[in-house]
Amino acid sequence: MTLFRAAGQTLSPGIYTSPTTMVVTTDLTLDAQQNANATWIFQAGTTLATAAATKIKLINGANASNVFWQVQTAPQPSPPRPHRFLLSGKRLITRS
């Protein structure tokens, strides 16, 4: 099993992937480095798990509308439809 564990880290803009499970167990900081167009894409193959009190902190110009979460699960309808998660303020909102 391949696991991406984001715990107490500060992440630069980019694409973060795990073919299986992505876990956020403590606060995670996203640093835009003063780039208004900075974007983060998190892709998990099967599961996105977060601890109950986990917060995603946006610093140095990071914008919540530029943070995307995608979870691909099996079995998939035809054609496949990934779940997408958008970060709004400090809440994770599910969109289909």
Side-chain angles (χ1 to χ4, degrees):
M1 171 168 82
T2 303
L3 174 71
F4 173 86
R5 186 174 301 273
Q9 297 179 36
T10 298
L11 300 178
S12 300
I15 299 172
Y16 298 87
T17 63
S18 172
T20 59
T21 302
M22 185 170 285
V23 178
V24 182
T25 57
T26 61
D27 291 356
L28 180 64
T29 302
L30 305 180
D31 184 353
Q33 303 169 349
Q34 307 306 327
N35 179 352
N37 296 315
T39 302
W40 294 262
I41 299 171
F42 297 91
Q43 299 173 320
T46 59
T47 306
L48 171 64
T50 62
T54 300
K55 296 178 184 170
I56 308 296
K57 298 177 183 177
L58 307 174
I59 64 170
N60 296 324
N63 188 335
S65 64
N66 291 343
V67 180
F68 302 92
W69 302 83
Q70 183 178 31
V71 180
Q72 194 82 23
T73 58
Q76 285 293 314
S78 182
R81 292 180 308 178
H83 300 286
R84 294 176 191 249
F85 298 88
L86 293 181
L87 190 65
S88 175
K90 293 184 181 174
R91 295 187 178 173
L92 202 57
I93 298 174
T94 305
R95 297 180 85 183
S96 51

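Side chains included, hydrogens not; waters and symmetry mates left out as well; all remaining heavy atoms used.
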Considering non-hydrogen atoms only, spot the tightest contact between [X] and [Y] and give its length.
X	Y	answer
Ala32	Gly61	CB-C, 3.6 Å
Ala64	Leu58	N-CD1, 3.5 Å
Tyr16	Met22	O-CE, 3.5 Å
Asp27	Lys57	OD2-CE, 3.4 Å

Enter the distance from [X]:[atom1] to [Y]:[atom2] here, rounded to the nearest 0.5 Å.
X	Y	atom1	atom2	answer
Thr29	Ile56	OG1	CD1	8.5 Å
Gln43	Ile15	CD	CD1	6.0 Å
Leu48	Trp69	CG	CH2	6.0 Å
Gln9	Leu30	CD	CG	10.5 Å
Trp40	Phe68	CH2	CZ	11.0 Å

Task: Hydrophobic cluster membership, Val67 vs Ile59, 4.5 Å side-chain cutoff - done: no

Which residues pass the side chain to side chain donor-acceptor pair (under 3.5 Å) test with [X], sequence neighbours left out?
X	value
Asn66	none
Thr39	none
Asn35	none

Task: Sidechain-backbone polar pair: Thr46 side chain, Thr20 backbone, donor-acceptor under 3.5 Å - done: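 Pair found, side chain donor or acceptor close to backbone of Thr20.
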
Open item on the list: Just by distance, no angles: are the side chains of Gln34 and Asn60 close enough, under 3.5 Å, to form a donor-acceptor pair?
Closed with: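 Yes - a donor-acceptor pair under 3.5 Å links their side chains.
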
